[in-house]
Amino acid sequence: MFKEICGADCCGACSRQKECGGCGQTDGHPFGGRCIAAEYIKKGGAKAFSELKSRLIGAFNELGIPGLQVDDLNLLNGFFVNLEYPLANGQTVRLLEDNNIYLGNQIEISGSERCYGLVADDRYLLVCDYECNGANPRILCYKRL
């Protein structure tokens with residue numbers, strides 16, 4: 001059984017445990033990447049991580065995006081939320097790292113078939129919207145903190 005640094009049950013819900021190695025076993029670098037929760041908890045305990053979450057929630061809410069009200073953020077695997085966004089020049093781009101663990105959430109847009117997708121770490125905020133299962137994503141805000 002894997003042990004998580006932050007106390008969340010990430011490992012219990014993850015289908016990629018073997019390639020991950022577990023948070024505790026990798027000293028907070030599951031999948032060989034960066035876990036925002038493990039970093040903050042190792043530096044300043046649960047209080048530091050809670051303060052980061054509060055700051056990020058405030059930053060999302062301050063964006064003034066209509067219908068976007070963030071109450072909580074969850075730990076999300078990068079490979080799950082790293083969508084491919086079309087650019088105006090016809091190219092596509094991915095803005096996240098598949099091997100990192102981020103804070104984020106999905107929020108339904110009232111009266112729409114689309115949802116807001118939120119992802120953040122201590123360096124960037126990303127807000128996009130998309131259809132069911134992440135189809136047809138659009139970048140609404142990508143901001144350095």
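Just so we're clear, the structure is a prediction, and the values are computed from it rather than from any experiment.
- At most 12 non-hydrogen atoms from other residues, nucleotides or ligands lie less than 6.0 angstrom from CD of Glu113.
- Listed for the Asn77 side chain is no donor-acceptor partner under 3.5 Å among the backbone atoms of Phe79.
- Remark: Phe60 CZ to Ile107 CD1 distance equals 8.5 Å, nearest 0.5 Å.
- How far NZ of Lys42 is from CZ of Phe49: 13.5 Å, rounded to the nearest 0.5 Å.
- Taking the side chain as every heavy atom from C-beta outward, Tyr40 and Asp122 approach each other to under 4.5 Å.
- Between Ile139 and Leu95, the closest side-chain pair of non-hydrogen atoms falls below 4.5 Å.
- Residue Asn105 holds its CG atom at 8.5 Å from CG of Asp71, rounded to the nearest 0.5 Å.
- Residue pairs meeting the side chain to side chain donor-acceptor pair (under 3.5 Å) criterion with at least one member in residues 133-145, sequence neighbours excluded: Tyr124-Arg144, Asp129-Arg138, Glu131-Asn136.
- Each of Asp98, Leu96, Leu118 was compared with Val81 under the side chain to side chain contact (heavy atoms under 4.5 Å, CB included) criterion, and only Leu96 meets it.
- Residue Lys43 qualifies as enclosed at atom NZ: its count of foreign heavy atoms under 6.0 Å is above 12.
- Residues Leu73 and Ile57 are in side-chain contact: their nearest non-hydrogen atoms beyond the backbone lie under 4.5 Å apart.
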Could you walk me through whether Glu51 and Lys47 satisfy the salt bridge (Lys or Arg N to Asp or Glu O under 4.0 Å) test, starting with their C-alpha distance in whole Å, then the side-chain angles of each, then the deciding distance to 0.1 Å, before giving a yes or no?
CA-CA 6 Å; Glu51 289 170 353; Lys47 183 178 182 213; 3.6 Å; yes
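- Leu103 has its side chain within reach of Leu75: a pair of non-hydrogen atoms, C-beta onward, lies under 4.5 Å apart.
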Take Leu140 and Leu68, measure what side-chain contact (heavy atoms from CB on, under 4.5 Å) needs, and give me the verdict at the end.
CA-CA 12 Å; Leu140 302 178; Leu68 179 63; over 6 Å; no
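- Side chain of Asn100 to backbone of Gly33: no donor-acceptor contact under 3.5 angstrom is found.
- Taking a 6.0 Å sphere around OH of Tyr85, one finds it holds more than 12 heavy atoms contributed by other residues, nucleotides or ligands.
- At least one side-chain heavy atom of Asn61 sits under 4.5 Å from a side-chain heavy atom of Gln69.
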